[in-house]
Novice: 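Below is a structure I'd like to ask you about.
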Amino acid sequence: MLNRLEMLRIFVAAAETGSFKDAAIRLGISPQAVTRAVQELERLQGELLFHRNTRQIRITAFGEALAQTARDRLALIDAMFSPGEAVKDEDYAGIVRITAPKALGRIGLLPPLTSVAIAHPGLRIDLSLSDTPADVVDERIDIGVRFGPVRDNRFIARKVNSHAFHVVATPALIERTGTPTQIHDLETLPTTVMNDSSTGRPWPWLFAQGRKYTPSAPTFASNDSEAELDAVLSGLAFGQIAGFLAEDHIAAGRLVRVMQPLEPSPWDLYVYRPQRGPVAPRVRLVFDGLVKSLAGA
């Protein structure tokens with residue numbers, strides 16, 4: 001009877017080679033031993049791991065997920081017995097699922113994710129962009145990026161930066177309408193809003209001392225922050241825009257900050273991951289890379 005650790009090694013070899021015969025050659029055992037190990041693992045899991053016919057095998061969806069988990073766990077166990085050995089590039093192979101706000105994902109995440117994926121060809125990135133925070137555990141996400149604290153103790157979170165939010169408009173629009181200085185001044189001005197994709201309702205504008213304002217008749221509404229920025233840059237309306245989107249345009253003179261004394265405190269940015277046991281090398285690699293990049297290191 002094989003021990004369960006050896007059973008997993010045989011199963012992973014079969015999953016990687018796509019053949020019981022090739023797995024047997026790789027491991028120096030008989031094809032019958034591979035078959036017995038897979039059958040025993042299927043019995044223990046209560047699930048079919050491979051579809052078989054007389055000519056070939058094909059791994060099932062359940063088997064594919066189990067193989068990835070088994071590969072990660074085996075790599076961690078092997079590392080315990082060779083602590084001085086460097087992580088091999090094949091240890092980074094596999095998929096890493098990430099969720100992040102839309103605009104920040106394009107601007108802040110794509111450059112470091114592209115770099116790490118080029119450096120490790122076996123790494124696969126699955127990036128989901130949404131301005132509604134995802135439930136990492138339920139949606140099987142490996143890493144999340146979000147504004148605001150992560151208070152759920154199921155997650156390990158690292159604060160990496162803070163970002164301001166500015167009320168801005170083009171110089172031409174300000175020349176036509178005047179400069180607002182108080183929240184009630186916005187009621188007579190063209191404005192933009194961002195809609196919450198999950199509810200369809202607009203996000204309120206935030207101001208100092210916890211005050212909020214929701215335009216009652218916005219000139220432009222969207223569920224995409226970059227589309228809202230484009231509308232503001234066109235001179236259509238005033239908008240409250242995240243600093244990482246607006247600040248280059250402010251520095252270049254394309255946008256002007258108004259109502260600066262009423263700006264809310266900057267929002268903290270966090271990178272987080274589920275606290276669910278050993279961390280696969282590929283997840284730690286991407287997590288650490290995002291923490292470093294988003295912190296501006």
Side-chain angles (χ1 to χ4, degrees), residues 1-99 116-117 119-128 135-144 154-156 273-288:
M1 178 67 67
L2 290 168
N3 65 49
R4 294 184 177 184
L5 187 60
E6 192 61 27
M7 194 184 305
L8 286 175
R9 291 191 189 282
I10 294 172
F11 164 61
V12 168
E16 290 179 344
T17 61
S19 163
F20 287 0
K21 180 180 178 182
D22 290 345
I25 292 170
R26 175 191 288 190
L27 298 172
I29 60 178
S30 70
Q32 292 78 14
V34 176
T35 299
R36 287 194 298 270
V38 170
Q39 288 174 339
E40 178 64 11
L41 189 56
E42 287 177 328
R43 184 188 70 79
L44 291 171
Q45 294 292 317
E47 293 277 354
L48 190 67
L49 301 177
F50 293 95
H51 298 295
R52 308 168 177 82
N53 59 34
T54 56
R55 292 177 297 173
Q56 63 180 2
I57 64 169
R58 181 167 55 85
I59 196 165
T60 64
F62 180 87
E64 194 169 75
L66 180 63
Q68 186 63 69
T69 300
R71 189 180 295 112
D72 294 341
R73 300 297 187 267
L74 289 169
L76 290 167
I77 291 170
D78 290 342
M80 292 173 58
F81 297 98
S82 54
E85 184 178 327
V87 178
K88 301 183 292 296
D89 201 61
E90 55 263 34
D91 296 330
Y92 296 125
I95 192 166
V96 178
R97 296 180 174 86
I98 305 158
T99 180
V116 75
H120 303 282
L123 183 65
R124 296 156 54 205
I125 300 296
D126 184 337
L127 177 61
S128 175
D135 186 322
V136 174
V137 174
D138 290 347
E139 299 188 27
R140 301 181 66 183
I141 299 295
D142 297 303
I143 299 170
R154 294 175 299 170
F155 303 140
I156 294 172
R273 61 175 173 79
Q275 187 169 249
R276 57 186 180 200
V279 182
R282 69 183 185 282
V283 175
R284 187 174 297 281
L285 174 75
V286 175
F287 184 87
D288 291 346

Novice: From L41 CG over to I10 CD1, what is the distance, rounded to the nearest 0.5 angstrom?
Specialist: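 Those atoms lie 10.0 Å apart.
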Novice: Rounded to the nearest 0.5 Å, what separation is found between the CZ atom of F11 and the CD atom of Q39?
Specialist: 14.0 Å
Novice: Please report the shortest heavy-atom distance between I125 and A117, naming the atom on each side.
Specialist: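 Shortest heavy-atom separation between I125 and A117 comes out as CG1-CB, 4.3 Å.
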Novice: Please round to the nearest 0.5 Å and tell me the distance separating atom CD1 of I98 and atom CD1 of I141.
Specialist: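 With rounding to 0.5 Å, CD1 (I98) is 9.0 Å from CD1 (I141).
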Novice: Would you call R273 and D142 a side-chain contact if the rule is heavy atoms closer than 4.5 Å?
Specialist: no
Novice: How close do E42 and F50 get, heavy atom to heavy atom, and via which atoms?
Specialist: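 Shortest heavy-atom separation between E42 and F50 comes out as OE2-N, 3.4 Å.
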Novice: When rounded to the nearest 0.5 angstrom, what distance separates CZ in R73 from CG in L5?
Specialist: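 One gets 13.0 Å once the value is rounded to the nearest 0.5 Å.
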Novice: From M7 CE over to N3 CG, what is the distance, rounded to the nearest 0.5 angstrom?
Specialist: 7.5 Å
Novice: Among V34, D22, L27, find the residue that satisfies the side chain to side chain contact (heavy atoms under 4.5 Å, CB included) test when tested with T17.
Specialist: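 Among V34, D22, L27, the one that satisfies the side chain to side chain contact (heavy atoms under 4.5 Å, CB included) with T17 is D22.
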Novice: Search all heavy atoms of A15 against all heavy atoms of A67 and return the closest pair with its distance.
Specialist: CB-CB, 3.8 Å
Novice: Can you give me the closest heavy-atom contact between H120 and L285, atom names plus distance?
Specialist: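 Shortest heavy-atom contact: CD2-CD2, 3.5 Å.
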Novice: Return the minimal non-hydrogen interatomic distance between A24 and P31, and the atom names on each side.
Specialist: CB-N, 3.6 Å
Novice: Around Q45, counting heavy atoms of other residues, nucleotides and ligands shown, do more than 12 lie under 6.0 Å from its CD?
Specialist: yes
Novice: Verify side chain to side chain contact (heavy atoms under 4.5 Å, CB included) between T35 and R52, making sure each step is shown before the conclusion.
Specialist: CA-CA 11 Å; T35 299; R52 308 168 177 82; 5.6 Å; no
Novice: Taking R282 for its side chain and I95 for its backbone only, find out whether a donor-acceptor pair lies under 3.5 Å.
Specialist: yes
Novice: Could you tell me whether the side chain of Q68 reaches within less than 4.5 Å of the side chain of D72, counting heavy atoms only?
Specialist: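 Side-chain contact under 4.5 Å: yes.
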Novice: Nearest heavy-atom pair of V96 and I143: which atoms, and what distance?
Specialist: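 Heavy atoms only, the tightest pair is CG1-CD1, 3.9 Å.
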Novice: Out of curiosity, R71 CZ to L66 CG, how far, rounded to the nearest 0.5 Å?
Specialist: 10.0 Å
